[in-house]
Amino acid sequence: MSKMVKSESSSSDVPLSKPWQSYQTVYTNAKAGMDGVEKEKVQRIVYEMSKGSKYFENEERKEALMRQRTDNMRERLGKLSITDIAHYQKIAERRITELEATRDLSRIWLHVDMDAFYAAVETLSNPSLKGKPMAVGGMSMISTANYEARRYGVRAAMPVFQRYDLNFISASLDEAYLDITEVCRERDVRSDEVAEEIRRSVFEETGLICSAGVGPNRLLAKIGGIGKVTEHILRTAFEIDTCKDLLEKGGFLCALFSPSSADFFLSVGLGLGGTDTPQARLRKSMSNERTFSATEDEAFLYQKLAELSHILSTDLQKEGLRGRTLTLKLKTASFEVQTRAVTLPKCICSSEDILLHAKKLLKAELPASLRLIGSKAV
DNA sequence: ATACATACC
DNA sequence: AACTGGTATGTAT
């Protein structure tokens, strides 16, 4: 959503003479910290270096798929009759009124976002990195998830958040939502003052810098909402660039998307978001997966599967859980993701049972050149 | 209705 | 991209 409001990036209709500008995934200039950098030059260099790689080809495949979805949407849009449009416009208007009636402005939510979290945590444990350009990664690619970082950093800021909201929501490793309504009322302080206080406490107690936003619900506290693919579709197929557009063209959204998707778009347009603290739900599945350099070596693949099955079994038993359907996840050397599942007559949790069924699923897919295997129990 | 596969967040 | 887990959706049976 922030991207939609700012409306700066031109994701479509890029001249063919500059192909690197259409390649959005590896390098996006939307991120902060790009001041004083020759953006186009960097983008071109990254493009030249990525071109032809397996990963790159898969990204192109996904971009083509996205274009197909957009074209498909355009086509369906063109087939709507005047009557259809009037009909769905009515539906949209009614739905907007209903959604508006649910607006709750009684709560104050605060969204915290740790700045450059992984790099910042790494720098804490290795101060010599301070001021140097760095990325967290390995296996010839840039990644982030790092268990050391997790343990170190997550614990670091959590006590601060808890002082303001015992039930704060961890949205991801580096993001959290706090309901600060009571804090504001009891101490008679403004929300922006609380935001500043939290930022200062986090820095004093962890050395990590974070940003904090405030709003009457979680959507507005974060100013978030719509992802890259959806944004592209909305922009190019519907010419929807702003929240206002989402509401004005709600009829088309209701006509072409499922009711729940249309509701989602209209809510974003209205700035409606979660105001309650959902109670922690019970876990419904447990999974694990590993990436490695792509191989066809079946002994290696079965060995990986055995390791994953053992870990999954241990994790399940740690929480006293069992699963009745077992899903095998594969990613081919060309980055295509596949899942294969089997539902069993009885729940299982032993590593032998898991491996037995996972092996059968894998066997049916071989030979194949794979770069990831995963297993999931539901 | 159930199982399975995929996309998206 | 990595890894986890949930939801939504579509398809086949």
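Per chain, numbering begins at 1; letters A, B, ... match sequence-line order.
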Task: Short side-chain N/O contact to C/dG6 OP1/OP2 from A/Arg283, under 4.0 Å - done: no

Task: Separation of B/dC8 C1' from A/Phe264 CZ (nearest whole Å) - done: 10 Å

Task: A/Ser287 side-chain N/O to C/dT4 phosphate OP1/OP2 under 4.0 Å - done: no

Task: Interatomic distance where CD1 belongs to A/Ile233 and C1' belongs to B/dC8 [whole Å] - done: 11 Å

- [ ] Using atom types as modelled and distance alone, determine if a side-chain donor or acceptor of A/Ser261 lies under 3.5 Å from a backbone N or O of A/Phe257.
- [x] no

Open item on the list: From CG of A/Asp315 over to P of C/dC3, roughly how many Å is that when rounded to an integer?
Closed with: 14 Å

- [ ] Calculate the interatomic distance between A/Ile373 atom CD1 and C/dT4 atom C1'; express it in whole Å.
- [x] 18 Å

Task: Atom-to-atom span, NZ of A/Lys318 to P of C/dT4 - whole angstrom - done: 12 Å

Task: C/dA2 phosphate, OP1 or OP2, under 4.0 Å from A/Lys331 side-chain N/O - done: yes

- [ ] Produce a footprint string for nucleotides 1-7 of chain B: one letter per nucleotide, 5' end first; B if the base is under 4.0 Å from any protein heavy atom, S if only the sugar-phosphate is, - if neither.
- [x] --SSSBS

Open item on the list: Taking the basic N atoms (NZ, or NE/NH1/NH2) and the acidic carboxylate oxygens, is any pair closer than 4.0 Å for A/Glu196 and A/Arg199?
Closed with: yes

- [ ] Rounded off to whole Å, could you give me the CD-to-P distance for the A/Glu231 and B/dC8 pair?
- [x] 14 Å

Task: Joint hydrophobic cluster, A/Val194 plus A/Leu178, side-chain heavy atoms closer than 4.5 Å - done: yes

Open item on the list: With a 4.0 Å cut-off on N to O distance, would you call A/Glu182 and A/Arg107 a salt bridge?
Closed with: yes

- [ ] Evaluate the ring planes of A/Tyr177 and A/Trp109, with Trp represented by its six-membered ring, and classify them as parallel (under 30°), tilted (30 to 60°) or perpendicular (over 60°).
- [x] perpendicular

TODO: Assess whether atom CZ of A/Phe252 is packed by more than 12 heavy atoms of other residues, nucleotides or ligands within 6.0 Å.
DONE: no

Open item on the list: Expressed as a whole number of angstroms, how long is the span from A/Arg290:CZ to C/dC3:P?
Closed with: 6 Å

- [ ] Give the B/S/- string for nucleotides 7-13 of chain C, one per nucleotide from 5' to 3', where a protein heavy atom under 4.0 Å of the base yields B, of only the sugar-phosphate yields S, and otherwise -.
- [x] SSS----

TODO: Look at the side-chain heavy atoms of Ile, Leu, Val, Met, Phe, Trp and Tyr, link any pair under 4.5 Å apart, and say whether A/Phe264 and A/Leu253 land in one connected group.
DONE: yes

- [ ] Let me see the working for A/Asp297 and A/Thr295 under side chain to side chain donor-acceptor pair (under 3.5 Å), right down to the final yes or no.
- [x] CA-CA 5 Å; A/Asp297 181 345; A/Thr295 178; 5.0 Å; no

Open item on the list: I want to verify a distance call: between C/dG5, B/dC9, C/dA2, whose nearest atom is closest to the A/Thr291 side chain?
Closed with: C/dA2

- [ ] To the nearest Å, give me how far apart CG (A/Leu312) and P (C/dC3) are.
- [x] 15 Å

- [ ] Might you confirm whether atom NZ of A/Lys331 has over 12 heavy atoms from other residues, nucleotides or ligands at distances under 6.0 Å?
- [x] yes

